[in-house]
**Q** 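Quick one: the structure is below, and I'll ask about it shortly.
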Amino acid sequence: MKLEKANKDRIVRNVILSLFIYLLPIALLFISLKITGQRPWEKKNQKANNTKTITNKTNLTNGSND
């Protein structure tokens, strides 16, 4: 089955447009990281000061969770 030139051109245009839409957010991310100089993958994780500690139940005979 042979494609007409108009259909072939439309398919090529849609493929190029789809690739552009797919790659645009990735390119913008790299550009924004380059401009700001941020490198979030190099930051070390910091512990939050407001974390609650979990205490285990010490009385095993009591069935309540209090």
**Q** Mind checking what makes side-chain hydrogen bond (donor to acceptor under 3.5 Å, both in side chains) contact with Lys5, not counting sequence neighbours?
**A** Asp9
**Q** Show me the pairs that pass side-chain hydrogen bond (donor to acceptor under 3.5 Å, both in side chains) and involve residues 30-39, at least two apart or across chains.
**A** Arg39-Glu42
**Q** Which residues pass the side chain to side chain contact (heavy atoms under 4.5 Å, CB included) test with Ile11, not counting sequence neighbours?
**A** Leu3, Val15
**Q** Any chance you could pull the hydrophobic cluster mates of Ile31, using side-chain heavy atoms under 4.5 angstrom and chaining through other members?
**A** Ile35
**Q** Transitive ILVMFWY cluster of Trp41 at side-chain heavy atoms under 4.5 Å: who else is in it?
**A** Leu29, Leu33
**Q** Taking only residues two or more places apart in sequence or in another chain, which ones pass side chain to side chain contact (heavy atoms under 4.5 Å, CB included) with Arg13?
**A** Arg10
